[in-house]
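Below: one structure, written as structure tokens.
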Amino acid sequence: MRWIRPSLAVLATALLATSCSAGAASTSSTAGPGAAAKDASPLTAALGTEQESAGPAPAVAGARQGGTVNVYNATDFRHLDPQKVYAGATYNASLLWGRQLTQYQVVDGKARLVGDLATDTGTSTDGGRTWTYKLKEGLAWEDGQPITSQQVKYGIERSFGKGYEVGPPYWPQWLTGEASYEDARKKYGGPQDGDLAAIETPDARTVVFHFPQPQADVPYMAAQSSSSPVRQDKDTGTDYDRVPFATGPYRIVEHVQNTRMVLERNPHWKPETDPIRSQYPEKFVFTFGKESLNINQEILAGRDGGENATTAATVLSPELYQTVDTDPKAKDLVVSGRQGAFVTYLMVNNERVSDVEVRRALNLAYPRQQARQVQGGTRAGDLATTLSSPALVDWQKYDLNPAKPEGDPEAAKAALAKAKQPPAPLTYAYANTPNGQRVAQVLVDGFAKAGITVVPKPIDPKALLDEAHRADSPYDLWEETTSVDWPTPSTLIPFSFDGRANSDLNSARYRNAEVDKEIDRINQIGEPHAKAKELYALEQTVMKDLPVLPYSYPTVNQLRGSNVGGAFVHPIYGTVSLAWLYLKS
């Protein structure tokens with residue numbers, strides 16, 4: 001989720017009355033609200049009504065109060081400051097302590113967008129240039145003080161500030177009408193610049209957004225963490241990234257970074273105002289720093305608190321696949337589901353690998369099937385042929401660059417013969433984990449059969465994307481799993497393949513002036529389905545250049561302890577959702 005977007009043109013309010021595909025059903029052993037549907041069809045993320053936006057959240061069948069849920073993660077979250085959060089697993093976990101204007105309610109595996117702090121998903125006037133939100137009565141911070149519209153405004157104003165460019169760029173771009181985050185900040189640099197006139201707060205419960213251009217995706221953006229309120233008297237600057245002040249059912253009482261984080265119930269959270277979350281456990285205790293395999297072994301064995309544990313991001317280790325496939329009790333602890341609208345690609349640095357015939361050869365030689373096999377076979381997901389996920393509204397399936405799943409060295413050699421010159425050895429950056437090492441070896445061997453030398457370069461997992469995305473990155477290839485920011489195609493091609501965006505956003509360094517012109521034209525289309533159709537057509541234009549190589553529509557597999565109920569993979573955020581969990585005894 002690292003895209004910059006040109007300012008969106010109007011999307012007719014018809015989009016807000018239609019259903020949007022947003023993920024896939026997940027497999028879980030629990031039933032009731034939050035539990036998975038039995039099929040694997042896409043979920044709909046329709047906009048809910050004012051009535052559906054009222055609390056409390058639907059009860060989870062069989063849930064009980066009390067106890068401590070342990071959450072084991074191999075690494076700590078990169079950011080907790082709501083205006084800096086820009087990753088699905090963190091969005092998901094932060095539902096425990098943070099609330100936004102809107103949010104996704106999940107019932108029986110189906111997601112719908114409803115009002116969270118707001119009474120509904122927003123009211124649009126002035127052709128989509130003005131959006132109004134009314135806050136619910138009775139909302140409170142963790143110290144009991146009321147949540148106000150001015151605090152929502154202050155939170156969004158923070159997203160303009162220096163250091164917040166790591167978060168989503170949409171509020172700054174949309175509210176200023178600028179095509180880039182950098183240009184938006186030149187107009188307004190954050191709260192230190194004073195009041196942002198584009199956001200009005202006529203009273204303590206009303207927020208009015210004024211956009212230079214019509215915007216119809218505002219209800220979806222209002223669900224992102226950067227739409228969270230922040231109290232100015234509690235804004236501790238960089239330390240807010242460690243312990244943000246809570247509005248959700250839990251509050252952070254301890255956070256030793258990279259080691260431990262403890263959440264306790266927020267006594268001032270009112271369930272009657274919240275249609276999203278529950279407050280079943282007394283505590284959540286996060287432990288960071290253990291090896292992934294150790295985490296999963298502890299949960300499967302139920303030792304050292306593992307029976308009461310799950311993970312917020314750490315996935316099932318491939319070393320344990322045979323165990324869960326042959327042991328029914330272990331298999332019952334696996335929580336699986338499509339990873340939201342994510343797609344995994346073999347990324348190609350187009351500045352370094354500029355010849356399309358070389359990229360075509362890579363696509364033909366790519367040993368996708370072998371790479372998937374060392375990651376768990378079909379358990380890892382379905383092989384992909386498109387840039388976009390099947391989870392998106394009006395998705396269109398295509399395969400413009402057919403290639404054998406196991407790779408076709410001879411066809412790859414024929415493509416290389418058409419290249420202007422043979423490729424130099426290509427550097428492949430990968431996360432230095434057992435899984436990353438296995439995939440790296442598969443790629444080295446597979447590409448070698450086509451006469452392509454790949455030099456593997458192990459990178460600290462926490463630094464991989466930063467290293468691959470930096471402007472002077474020396475890497476030619478790397479694997480990346482990424483997603484649109486909400487379940488429409490509006491945030492795919494216009495961000496990650498806009499030649500005017502920097503390498504942190506257009507990480508493939510894809511440049512095509514005709515595509516850029518089309519992006520600008522399509523952004524003026526007001527009817528949502530017509531716009532989606534044009535975006536999918538443009539996607540196919542981009543794919544003719546093979547700027548990246550689609551690999552899979554990933555499935556996520558995580559574990560829950562035997563005493564943990566309510567576990568399911570969130571259809572939007574793509575990891576086990578914590579806000580619905582309870583302990584069975």
Side-chain angles (χ1 to χ4, degrees), residues 343-375 383-387 399-432 436-459 464-465 467-480 496-497 499 503 506-515 539-552:
V343 181
T344 301
Y345 312 102
L346 181 62
M347 300 295 294
V348 183
N349 185 330
N350 285 223
E351 290 177 351
R352 295 174 60 88
V353 188
S354 59
D355 191 328
V356 69
E357 293 301 334
V358 175
R359 299 197 296 271
R360 197 179 317 282
L362 287 167
N363 182 65
L364 291 166
Y366 190 2
R368 292 173 172 86
Q369 187 163 288
Q370 296 92 311
R372 183 175 65 168
Q373 190 60 35
V374 299
Q375 297 183 84
L383 295 181
T385 62
T386 63
L387 291 176
D399 187 359
L400 299 182
N401 305 282
K404 294 180 180 179
E406 68 275 15
D408 189 339
E410 295 308 312
K413 290 176 183 177
L416 279 180
K418 299 177 183 178
K420 296 176 182 178
Q421 62 182 30
L426 303 176
T427 57
Y428 171 67
Y430 67 92
N432 192 18
Q437 293 161 9
R438 284 188 289 266
V439 173
Q441 190 59 54
V442 165
L443 297 188
V444 169
D445 294 344
F447 287 125
K449 293 176 182 178
I452 300 172
T453 300
V454 170
V455 180
K457 297 290 185 181
I459 305 290
L464 176 60
L465 290 185
E467 286 296 304
H469 287 197
R470 62 186 173 93
D472 59 347
S473 173
Y475 304 114
D476 302 295
L477 308 170
W478 66 95
E479 189 176 285
E480 186 168 331
S496 54
F497 297 96
S503 61
N506 176 5
S507 54
R509 286 83 164 172
Y510 175 69
R511 309 279 185 255
N512 186 324
E514 293 304 313
V515 168
E539 176 184 337
Q540 296 193 36
T541 297
V542 171
M543 272 303 290
K544 291 176 182 177
D545 292 334
L546 275 170
V548 302
L549 311 184
Y551 165 50
S552 73

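Everything numeric in this text was worked out from a predicted model, so none of it was measured.
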_Residues in salt bridge (Lys or Arg N to Asp or Glu O under 4.0 Å) contact with Lys544, at least two apart in sequence or another chain_ = none

*Of all heavy-atom pairs between Leu426 and Asp476, which one has the smallest distance, and what is that distance?*
CA-OD2, 3.3 Å

*By salt bridge (Lys or Arg N to Asp or Glu O under 4.0 Å) - contacts of Arg368 (at least two apart)*: none

*Over all heavy atoms of both residues, which pair between Val358 and Pro423 is shortest? Give the atoms and the distance, please.*
CG1-CB, 4.0 Å

*Arg509 side chain to Ser507 backbone, donor-acceptor under 3.5 Å*: yes

*Pairing residues for Pro402 by the side chain to side chain contact (heavy atoms under 4.5 Å, CB included) criterion, not counting sequence neighbours*: Asp399

*Which residues pass the salt bridge (Lys or Arg N to Asp or Glu O under 4.0 Å) test with Asp545, sequence neighbours left out?*
none

*Sequence neighbours left out, what passes side chain to side chain donor-acceptor pair (under 3.5 Å) with Thr344? Give chain and number order.*
Thr481

Which atom pairs, one a donor and one an acceptor, fall under 3.5 Å between side chains of residues 438-452 and the rest of the protein, sequence neighbours left out?
{"residue": "Gln441", "atom": "NE2", "partner": "Asp445", "partner atom": "OD1", "Å": "2.9"}
{"residue": "Gln441", "atom": "NE2", "partner": "Asp445", "partner atom": "OD2", "Å": "3.4"}

_Tell me every residue that passes side chain to side chain contact (heavy atoms under 4.5 Å, CB included) with Pro422, counting only those two or more places apart in sequence or in another chain._
none

*Got a sec, which residues hit side chain to side chain donor-acceptor pair (under 3.5 Å) with Glu539, two or more places apart in sequence or on another chain?*
Ser388, Tyr398

*Would you check if the side chain of Thr427 reaches a backbone N or O of Pro474 as a donor-acceptor pair within less than 3.5 Å?*
yes

*Residues, nucleotides or ligands: over 12 heavy atoms within 6.0 Å of Lys457 NZ*: no

_Atom pair CD (Glu410) and NZ (Lys404), whose distance is rounded to the nearest 0.5 Å_ = 9.5 Å

*Can you tell me how far CG of Leu549 sits from CG of Leu387, rounded to the nearest 0.5 angstrom?*
10.0 Å

*Taking all non-hydrogen atoms of both residues, which atom of Gln370 and which atom of Glu406 are closest, and how far apart?*
NE2-O, 3.0 Å

*Are side-chain heavy atoms of Thr385 and Met543 found at a separation under 4.5 Å?*
no

*Under the side chain to side chain donor-acceptor pair (under 3.5 Å) test, which residues partner Asn401, sequence neighbours left out?*
none

*So which heavy atom on Gly499 is nearest to which on Asn506, and how close?*
CA-ND2, 3.8 Å

*Rounded distance [0.5 Å steps], NZ in Lys420 versus OG in Ser354*: 7.0 Å

*asked:* Working to the nearest 0.5 angstrom, can you tell me the gap between Tyr366 OH and Leu383 CG?
replied: 9.0 Å

*Taking all non-hydrogen atoms of both residues into account, name the closest pair between Ala371 and Tyr551 and its distance.*
C-OH, 3.4 Å

*side chain to side chain contact (heavy atoms under 4.5 Å, CB included) partners of Gln421, counting only residues at least two apart*: none

*Identify the two heavy atoms, one from Ala412 and one from Ala365, that lie closest to each other, and give their separation to 0.1 Å.*
CB-CB, 3.7 Å

*Asn349 backbone acceptor or donor facing Tyr475 side chain under 3.5 Å*: no

*Test log, rule side chain to side chain contact (heavy atoms under 4.5 Å, CB included), inputs Tyr428 and Glu479*: CA-CA 9 Å; Tyr428 171 67; Glu479 189 176 285; 4.0 Å; yes

_Residue pair Ile459, Trp478: steps toward the side chain to side chain contact (heavy atoms under 4.5 Å, CB included) verdict_ = CA-CA 10 Å; Ile459 305 290; Trp478 66 95; over 6 Å; no

*Starting from the C-alpha separation in whole Å, work towards a yes-or-no answer on side chain to side chain contact (heavy atoms under 4.5 Å, CB included) for Leu362 and Leu346.*
CA-CA 10 Å; Leu362 287 167; Leu346 181 62; 5.8 Å; no

*Mind checking the OG1-CG spacing from Thr541 to Asn512? Nearest 0.5 Å is all I need.*
8.5 Å

_Once salt bridge (Lys or Arg N to Asp or Glu O under 4.0 Å) is applied, do any residues pair with Glu467, and if so which ones, sequence neighbours excluded?_
Arg470

*Is the backbone N or O of Leu364 less than 3.5 Å from a side-chain atom of Asp408, with the two atoms forming a donor-acceptor pair by type?*
no

*Does any pair with a residue in residues 353-365 pass salt bridge (Lys or Arg N to Asp or Glu O under 4.0 Å), and if so which ones, sequence neighbours excluded?*
Glu357-Arg360

*Starting at CG of Leu477, measure out to CZ of Arg352 and round the result to the nearest 0.5 Å.*
9.5 Å

